[in-house]
Amino acid sequence: MISDTYDVIVVGAGHAGCEAAAAAANLGSKTLLVTMNMQTIGQMSCNPAMGGIAKGQIVREIDAMGGYSGIIADKSAIQFKMLNLSKGPAMWSPRTQNDRMLFAEEWRLALENTPNLDFFQDMVKQLIVENNKVTGVITSLGIEIKSKSVVLTNGTFLNGLIHVGDKQLGGGRMGEPRAYGITEQLVSLGFEAGRMKTGTPPRVDGRSLDYSKMEEQKGDEKPQKFSYTDTPKLTKQLSCHIVYTNETVHDILREGFDRSPMFNGTIQSLGPRYCPSIEDKINRFAERTRHQLFVEPEGWRTVEIYVNGFSSSLPEDVQIKAMKHIPGFENVKVFRPGYAIEYDYFPPTQLKHTLETKLIDNLYFAGQINGTTGYEEAAGQGLIAGINAHNKVHDKEDFILNRDEAYIGVLIDDLITKGTEEPYRMFTSRAEYRLLLRQDNADIRLTEKAYHLGLAKEDRLRKVETKVTKSQELEIFLRETSLKPGIINPILESIDSNPVDQAYRAAQFLTRPNITLDKLDAIDTISEFTSQYEDEIREQAEINIKYKGYIEKEKENVAKLNRLENIKIPEDFDYKSLSSLSSEAKQKMSNVRPKTIAQAGRISGVSPADINVLLVYLGR
């Protein structure tokens, strides 16, 4: 095995590494996945959940592209919830609670059953680079493995440093060693590196908790799933619980601030803004008397509980003392205290849209090495890096998703255009075309692309085509079927909607905010036709009718922007020679090297006036 030359070597077997290896191997590349520990492939390092706001859309996109994250999430789910149902469909976001051990097991089994994929357990300490091109890796055992491309997905392991109070431990995860050598080599090759921080909460013994003092959070009555394939639907679910901290808890936590690495200067790097530690929350939001915590089970057959919202790097004695004053936690037994971890990352402006580095050919970065946080963001990057590593070594075209095509496209464009100095997390608000990038239509948006790549099989494509055809059939029926006042008015009056005095098409009633297809099913002529369609077909038709005007407007905006996306900027363009450009624009654009006018316009610090100057110089 070691003497072989691989097409793609993937370093690291977290969410990014698993998706990268699966994509490259499924496309036909001879692929090697190198991990420091074969027992932690696909490990959920932090919370036992997939999806959530905007993240759920990414999981659906990965699945539509032929990736594995949605399938694994479905097979290991213990609860499903569709978040934000009280808002419009652009905001609906699927989320699962998962069995942590089963999740990792399903990932390993899926990868072991993937053709063209080999495994090797060792730490990669160095890249083999010849003439600014990566040609392999060297492991801690001194083994040289040749490869035509390398994808680095090192997570939090690059020079990882764990903090618990005033104690420090070298490691990439609690109980696992850190990786060293790669950062130092990349810096010597001209890369810029930085440090980031993330954290995780305590894990506790569920047998020691009193759930009667907590608010139960059940899953959806009709649970859905992530994957568009025939993965099993949940028939039973485990509940989560909600509980709140209080002023006593906060006072105890404050007692440990002088021993906190966050406040005594030990930790210098920035942590995730939208997932702060409990000590950060009570410091920044001192006026709040309580903070919400989610008590999340770790699986079907374990008593371990994840205390979501109580991430901490305070001394373990302070964490335990404070938790005992949370309702239901009076007799809590702690399996493991929370901790913070600092690790190396590389500002992602050093990458192309394919996630290939600008400095070293055939070298790709994906996941937390690029400054992101979250399983889903990592997995999405891994998928794109794996596809492009395969395409590059087989002389195929780059594969890039645009901002109007996928949240994954928004994520990557944000990273390489704007960079990030704190852990980047995806939100629906980051996507300017979020009404087009809904969780329900990821298959319609992306499966055909995946089919032409070779990732999605023909049966997937046919399934999508059937979905489109049937939803159009239903839409036509609703646009052509008239409902007389005597039939529709009782329904309208039952929901305090204004009655009508003449017949209107069923579709016109669906545009009212409080009218749904389910309500129209009370009419026999409607239900006789609509009952033949599955829920996802009904949902698709209803959204297309209800939001038709908004969707068309958004498509017009995409078309306008795409005109600027089509205006290319030469790779060797000398921004500094343009005296009319602002100094900041010269510096930022010289650093990012935008490929198009549209991308240049998204760089922070570049003004509309700067874009006009560029257009003039490019003859546009």
Side-chain angles (χ1 to χ4, degrees), residues 56-57 59-66 70-71 74 80 82 85 88-90 92-94 220-234 404-406 434-452 455-483 487-488 491 504-512 515-552 554-555:
Q57 283 86 328
V59 178
R60 281 264 163 99
E61 289 173 354
I62 291 168
D63 185 75
M65 288 290 300
I71 294 170
D74 286 347
F80 182 95
M82 185 67 75
L85 281 176
W92 299 351
S93 302
D220 290 348
E221 281 188 27
K222 293 172 69 176
Q224 300 179 45
K225 56 196 187 75
F226 275 118
S227 183
Y228 294 101
T229 63
D230 296 324
T231 51
K233 275 194 174 182
L234 280 170
D404 62 295
E405 293 176 317
R434 53 188 171 272
L435 189 51
L436 301 181
L437 307 182
R438 306 185 309 274
Q439 56 84 28
D440 62 273
N441 70 354
D443 54 342
I444 296 171
R445 290 184 276 122
L446 298 173
T447 298
E448 187 174 358
K449 291 178 181 293
Y451 173 74
H452 292 304
L455 266 185
K457 302 292 186 283
E458 188 170 351
D459 60 332
R460 270 200 176 224
L461 183 63
R462 298 291 167 254
K463 193 171 182 180
V464 174
E465 290 170 345
T466 300
K467 176 179 174 178
V468 172
T469 302
K470 287 191 173 183
S471 61
Q472 287 173 344
E473 280 175 12
L474 180 52
E475 200 176 328
I476 290 168
F477 168 78
L478 294 166
R479 292 191 186 283
E480 292 180 349
T481 301
S482 290
L483 299 176
I487 295 173
I488 189 66
I491 295 173
Y504 288 96
R505 307 288 186 190
Q508 288 175 276
F509 291 108
L510 277 176
T511 60
R512 295 192 181 193
I515 290 282
T516 64
L517 188 52
D518 285 346
K519 287 187 170 67
L520 292 184
D521 277 341
I523 301 166
D524 290 342
T525 54
I526 298 291
S527 61
E528 284 171 8
F529 188 86
T530 60
S531 60
Q532 64 183 298
Y533 295 101
E534 296 174 2
D535 287 346
E536 68 169 349
I537 305 295
R538 291 163 57 90
E539 180 181 75
Q540 197 69 213
E542 184 173 345
I543 289 171
N544 287 341
I545 290 171
K546 199 177 274 288
Y547 298 93
K548 183 174 187 289
Y550 298 102
I551 291 170
E552 287 180 351
E554 204 137 287
K555 287 179 177 176

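Computed from a predicted model, the values in this text were never measured in an experiment. Below, each value reflects all heavy atoms present in this structure, side chains not excepted, and no hydrogens, waters or symmetry copies.
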With sequence neighbours excluded, residues passing salt bridge (charged side-chain N to carboxylate O under 4.0 Å, His left out) with Arg460: Asp63
Salt bridge (charged side-chain N to carboxylate O under 4.0 Å, His left out) partners for Lys233, two or more places apart: none
Heavy-atom donor-acceptor pair, Lys546 side chain to Leu510 backbone, under 3.5 Å: yes
Heavy-atom pair of closest approach, residues Arg438 and Asp440: NE-OD1, 2.9 Å
Side chain Lys225, main chain Ser227, donor-acceptor under 3.5 Å: yes
Heavy atoms of other groups near Glu448 CD, more than 12 under 6.0 Å: no
Criterion side-chain contact (heavy atoms from CB on, under 4.5 Å) on Lys555 and Ile551, from CA distance to verdict: CA-CA 6 Å; Lys555 287 179 177 176; Ile551 291 170; 3.9 Å; yes
Ion pair Lys457/Asp459, N-O distance below 4.0 Å: no
Closest heavy-atom pair and its distance - Leu520, Ala506: CD1-O, 4.0 Å
Pairwise distance CG(Asp74) to CZ(Phe226) - rounded to 0.5 angstrom: 7.5 Å
Side-chain H-bond candidate by donor/acceptor type, Asn441 with Gln540, under 3.5 Å: no
Counterpart residues, side chain to side chain donor-acceptor pair (under 3.5 Å), relative to Glu542 (two or more places apart): none
Interatomic distance, Tyr228 atom OH to Thr447 atom OG1 [nearest 0.5 angstrom]: 7.5 Å
Spacing of Thr530 atom OG1 and Leu517 atom CG [to the nearest 0.5 Å]: 5.5 Å
Partners passing salt bridge (charged side-chain N to carboxylate O under 4.0 Å, His left out) against Asp404 (at least two apart in sequence or in another chain): none
Partner set under side chain to side chain contact (heavy atoms under 4.5 Å, CB included) for Lys463, not counting sequence neighbours: Asp230
Contacts of type side chain to side chain donor-acceptor pair (under 3.5 Å), residue Thr481, not counting sequence neighbours: none
Check ion pair Arg538-Glu534 (N to O, under 4.0 angstrom): no
N-O pairing of Arg434 and Glu554 below 4.0 Å: no
Smallest separation among heavy atoms of Ile491 and Ala522, with atom names: CD1-CB, 4.1 Å
Residue list, side chain to side chain contact (heavy atoms under 4.5 Å, CB included) with Leu85, at least two apart or on another chain: Met82, Trp92
Rounded distance [0.5 Å steps], NZ in Lys222 versus CZ in Phe80: 12.5 Å
Sequence-distant partners of Ala406, side chain to side chain contact (heavy atoms under 4.5 Å, CB included), two or more places apart: Glu61, Leu401, Ile408, Arg445, Leu446
By side chain to side chain contact (heavy atoms under 4.5 Å, CB included) - contacts of Asp524 (at least two apart): Ser527, Glu528
Between Asn544 and Ser471: side-chain donor-acceptor atoms closer than 3.5 Å: no
CG-CD1 distance between Leu483 and Ile488, expressed to the nearest 0.5 angstrom: 5.0 Å
Closest approach of Tyr547 to Gly88 (non-hydrogen atoms, all atoms of both residues): OH-CA, 4.0 Å
Exam field: side chain Gln508 to backbone Arg505, donor-acceptor pair closer than 3.5 Å: yes
Exam field: side chain Asp443 to backbone Val464, donor-acceptor pair closer than 3.5 Å: no
Residues which pass side chain to side chain donor-acceptor pair (under 3.5 Å) with Ser93, listed by chain and number, not counting sequence neighbours: Gln57
Partners meeting ring-ring contact (aromatic ring centres under 6.0 Å, His included) with Tyr533 (sequence neighbours left out): Phe529
Side chain to side chain donor-acceptor pair (under 3.5 Å) involving Arg462 - partner list, sequence neighbours excluded: Glu458, Glu465
